[in-house]
Structures are given as structure tokens and as C-alpha cells.
Chemist: 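Okay, here's the structure, questions in a sec.
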Amino acid sequence: MSCGAKRKRSGQNSYRFHTLPEVLPPPLPPLPHAAPEYPLPDLTPWAQGNCGIKGVHHFESHKPGPHIAITALMHGNEYAGAHALTQLLSTPLHPAHGRLSLIFLNLEAYAAFDPRRPSQFRFIEEDMNRLWMPHLIRSSHTSLEMRRVRELLPVIDTVDILLDLHTMTWPSATLLLTSMAERNLHMASALANGQAAPPQVVLDHGHPTGPRLIDYERFSAPAGTARACLLEAGQHWTRSAAGQSLLSARQILALHGMLPVAAQEGLCPSASCVNAMVTDCVEAYTASFAFVRPFVGGEIIEQAGTIIAVDGMDEIRTPYNNCMLVIPNLRPRRGHTAVRLARIL
Ligand SMILES: [Zn+2]
């Protein structure tokens, strides 16, 4: 679509234009209500853990090497990662060097999960993936999730390489998200490259509402050495997201010599990933924010100035060529993030 001559840049945003919008927004798509495609993992055998902390399974080689952790159920309704961990735990795990921790994070939110209301129980009291800041952890702030963060911190504070497993509400390409520290980009690229359908690697500054586990200073401080990335394995409760979670979990263990590098379905040594950096976080200013079509996360819009959404009297247009749409929320509430825009590196 062309850029109309009467459009006026709205505030500092390079993507928002105040105008009489050229297009009428379509009706909002219904919330996805996909039924779970595979049974909920039974965590009964694993909930106690094996090292004195609920949900934490720890394996020592007693030889030097990194401490690798794979975490699942940061969000109680995203159980693809828990499925992957139960698969790993049901085979003998003997790291040849270093240490391995497999961690079910928000067990309480998962225990409350009800397949008849699958969008609920992301958390019980507050989002556990916005709490990873030292001064908050040391403060008197309390909630079920905060108590769990404090319980897990002694383990997290010794982790060298961390993969946090998540899924998404709306359809999207698979993503590996990292904080801005360059070492995390290298970690994510090494994990993505070689997968037959490599996840897109996206660097971002995190959420204004609080740091994620991958933003915790141990993993994101410029001078640090510990690395972390977050896998968004696909849409919640789909078989493909469960497969992607297990593939990436096995892949990271194989990369660090903790599993044999076996021929696995889903691998292709010559495949390489697209890397992108988030430049803008598009907030819905009005309750009528609507995308002009149901974009799929990870789509790359070639032409700068392409209209992607209408927000009241504003048009949202891509600010540069080859703009990636990261996790579009097709029904954003006012004041919430509708999409993040990322530039291909
Ligand atoms: Zn999540």
C-alpha cells in the first residue's frame, strides 16, 4: 500500500502515523481455542525432584564442565517443555562432564491447568517471567511465584547455559529469544543452525513490565559469561510445539556433549537461521487496535511503509524494509504490546 501524503508521524514512533486510515480494520479474529493435541504430561513421578528442591532434577558427572539447565513451565499453561523434560527424564542421564539440571518451574500453575479453559493458569498470582531482578528478589515483595523464584535461585545462580522452554498463543514460526549480550546470540545461533526448520533468532531488550529469566543479570550482564535463551516452540498444545521443544532440548545437550549426537528427525546440518533484532515495541493505544490481516509470527514484510494495523486514528506501518513481525497478538488489549518489530541482522 502506498504512503498517503497527508500522513503525519505520531510522536517519536517511526511506525505510527496519525491520519484518516486508508483501510478499515477487519473484525478481530476469535481467540484460538485449539484443544490440546496430546495428553497433558503426568508430573507425578517428577514433581518432588531429586535434590531437595521440588521439581528440580540434578545430575552430576563429578568432572569439570558447564552447568546446563533446561527449564519448563515458567507459564503453567505451556506444557510442551514439560513434555520434553519428562521424555528426557525417562531415559538414563549421565553427563560425561559438568552438571545438568532439568527444572519444572511453576508446578502450582500447571497443577491448576484445566484443558476446558486452556488459556488460563499462565500463573497463579503474577507472571513468574517478569520477576528476575535482584533487588526485587531481595525485597519484601511476596507472591506464590516470587517464593518459587527465591527457592530456585541457588540453582539458577550456578547455571552456565540455560534454555527456557515456552509456547505461544497465536500461530508463529519457532523463535529463539535472547537478551542483547552477544554471547547469547552465539548460543542461540548454534542451537538453531542445523535444525531442519531453524528457529528464527531474535534479540530484544525484554519487557518493560519486568525482566525474564533470560534477562537475569547472570545471563545478560555485558561482562558475564553465563548464557541463556528462550525457545518459543510454536503454538500452545500443538504436537509440533512438543516435538520442537524436545528437539531443541536434545540439541543443546548434544552440543555440550551430554547426549550422543545421534541422527535425529528434524536435523539438517546445512540449514541456518535468520537473526533479527527488535527495534520497536508497538503498543495498542486503543481497544480497537486491529491488524489488517491475521499475520503469522515471524513473517517478514519486505517493503518499508506497508500498513500492518490500524489503531484508532493511527496507522501502523513497517518502518524499514524486511521488517520481521515478532509474536503479533491478534487481539491486544489497550496498553498491551500488539507486536514487536525486528530488523534482520
Ligand atoms: Zn511463556
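Keep in mind that what you see is a predicted model, and the values were worked out from it rather than measured. Residue indices begin at 1 and follow the sequence shown. Atoms within each ligand, like the ligands themselves, are counted from 1 in listed order.
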Chemist: So, 2.8 Å as the limit: is an N/O/S atom of Glu232 located closer than that to the Zn ion (ligand 1)?
Modeler: no

Chemist: Restricting to N, O or S, what is the name of the atom of Glu78 that lies nearest the Zn ion (ligand 1)?
Modeler: OE1

Chemist: Going by atom types only, do Asp314 and Tyr15 share a side-chain donor-acceptor pair under 3.5 Å?
Modeler: no

Chemist: Going by atom types alone, do Gln244 and Ser248 pair a side-chain donor with an acceptor below 3.5 Å?
Modeler: yes

Chemist: Do Arg130 and Glu145 have side-chain heavy atoms sitting under 4.5 Å apart?
Modeler: no

Chemist: Looking at Tyr38 versus Tyr79, is the centre-to-centre ring distance below 6.0 Å?
Modeler: yes

Chemist: Taking the Zn ion (ligand 1) as the vertex, how big is the angle to ND1 in His75 and ND1 in His166, rounded to 10°?
Modeler: 100°

